[in-house]
Amino acid sequence: MKTGTTFLQSQVFSNLPDFHYLRNENSLNSRLEMGHKHERFLISNEGISGNPFTYRTELRYFDQFTIAVDRIKSTHPNSKIICCFREPSSFIQSAYKQYLHVGGIFEFERFYNKNGQGLVHPDDFLFSRFINYLQANFEEKDLFIYNFDAFIKDMPGVIGDILAFIGSNTTYDQLNINPKRKSNPSVPDHLETTLIKANKLSHWYRQKTGKHLQIKLFGKVINGRVIVQYILPKVLKSSKKRDLKDLKQFYAQDWAFCLKKMNRIPTLTL
């Protein structure tokens, strides 16, 4: 999650004619049940690898990830694995935004803090453990591990590498990709408090009425999140940004190890 998966799913994976693409929540089982005529299946669902702030399980993020890897290895032992990792401080920031988008009501300090008392745990973003576990369960030739920064800085190159890795006959130029199209923009830092208030109001209203606090306008659903995420940023602009320097330094050593293990890293930062 939070590594461009929605972009890849909508603009790349769903447009490859030489694969049968699966994205639904039960996609790991679907391949076994469908008996589709295609021999090659492409499964992409960010939920497979876990969620650091999930409400559905008490399992920590890394534990969710290892269970997913074990499941893939047992049901699809000959799979090729594509996995993207994002610099931890940037990932945590983006994950927090997603937490707010789905109704979260905690300030950032209650979502994450280094003493382990937040909603997410600091150890869950030591991504070297994730990479080590992948490498322990799949051969190097079957792993394509890349850095989100590389994807942002050289999208044609990384997507081209992914297509070559999975053996697709489609090229980047044939996909008609629009790099500027965003499907889930993050709420700006200066509007986080506003979204938290909107989420609290929405929760209160649903508890009282059993209904969602929203209206339909021109066929679109308008609620507090939509207003804060899409409408207010256009009229209430600010340059306020959360300072992530200390957080970045906290994970610097582990992230440096991760970069050495990746197929694609941003050459501009080396």
Side-chain angles (χ1 to χ4, degrees), residues 1-11 23-25 44-57 59-61 64-65 84-113 118-122 124-125 148-149 151-152 178-207 209 211-244 247:
M1 60 179 290
K2 312 315 298 178
T3 58
T5 46
T6 302
F7 180 90
L8 288 172
Q9 290 158 352
S10 62
Q11 298 205 46
R23 185 182 175 182
N24 60 304
E25 290 187 2
S44 175
N45 185 328
E46 60 271 32
I48 293 174
S49 57
N51 184 326
F53 57 84
T54 182
Y55 300 104
R56 293 176 292 181
T57 176
L59 288 173
R60 293 258 296 275
Y61 193 28
Q64 295 174 48
F65 184 84
C84 181
F85 291 92
R86 185 170 180 170
E87 189 279 319
S89 67
S90 175
F91 179 86
I92 294 167
Q93 166 91 332
S94 186
Y96 176 61
K97 305 287 189 179
Q98 184 65 28
Y99 161 75
L100 295 182
H101 290 176
V102 298
I105 59 173
F106 288 169
E107 300 285 349
F108 184 79
E109 291 70 22
R110 288 191 64 191
F111 175 81
Y112 174 94
N113 56 68
L119 180 63
V120 298
H121 196 281
D124 284 338
F125 307 102
F148 180 69
D149 287 338
F151 177 71
I152 295 299
N178 179 5
K180 296 182 179 180
R181 190 172 73 193
K182 293 184 178 181
S183 57
N184 187 27
S186 296
V187 60
D189 291 2
H190 69 287
L191 292 177
E192 288 176 355
T193 300
T194 304
L195 183 52
I196 288 173
K197 291 178 180 178
N199 289 342
K200 288 181 177 179
L201 177 61
S202 179
H203 292 325
W204 173 84
Y205 184 82
R206 189 173 183 182
Q207 288 178 343
T209 67
K211 300 178 181 179
H212 293 287
L213 182 58
Q214 61 187 32
I215 61 171
K216 277 196 173 183
L217 187 65
F218 303 116
K220 295 185 179 295
V221 174
I222 305 296
N223 54 29
R225 178 189 63 80
V226 171
I227 292 172
V228 180
Q229 186 178 357
Y230 292 95
I231 300 175
L232 288 186
K234 296 180 180 180
V235 295
L236 299 177
K237 300 183 182 297
S238 173
S239 59
K240 176 184 176 183
K241 293 287 185 180
R242 177 172 290 109
D243 188 353
L244 298 175
L247 198 56

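Between Lys197 and Asn199, the closest side-chain pair of non-hydrogen atoms is not below 4.5 Å. Between Tyr230 and Arg225 there is a side-chain heavy-atom pair separated by less than 4.5 Å. Under the 4.5 Å side-chain criterion, counting only non-hydrogen atoms from C-beta, Val226 is not in contact with Val221. In this structure, Phe91 and Met1 have side chains that are in contact, with non-hydrogen atoms separated by less than 4.5 Å.
Judged purely by atom type and a 3.5 angstrom limit, His101 uses its side chain to pair as donor or acceptor with the backbone of Val187. Put simply, the side chain of Glu46 never gets that close to the backbone of Lys2: no donor and acceptor are under 3.5 Å apart. At distances below 3.5 Å, not a single donor-acceptor pair connects side-chain atoms of His190 with backbone N or O atoms of Pro233. A donor-acceptor distance shorter than 3.5 angstrom exists from the side chain of Asn45 to the backbone of Arg23, with no hydrogens or angles considered. Proximity of a side-chain donor or acceptor of Gln11 to a complementary backbone N or O of Asn178 within less than 3.5 Å is detected.
Here the two rings, on Phe111 and Phe106, have centers that are 6.0 Å apart or farther.
For the residue pair Ser89 / Glu87, a side-chain donor-acceptor distance below 3.5 Å is found, with atom types taken as modelled.
Remark: Arg242 CZ is packed, more than 12 non-hydrogen atoms of other residues, nucleotides or ligands lying under 6.0 Å away. Atom NE2 of His203 sits in a crowded spot, with more than 12 heavy atoms from other residues, nucleotides or ligands closer than 6.0 Å.
Aromatic ring orientation, Phe125 versus Tyr61: tilted (interplanar angle from 30° to 60°). Taking the six-membered ring where the residue is Trp, Phe151 and Phe7 present perpendicular rings, their angle passing 60° and hence far from 30°.
The residues Lys240 and Asp189 are annotated as not salt-bridged, no charged nitrogen and carboxylate oxygen being separated by less than 4.0 angstrom.
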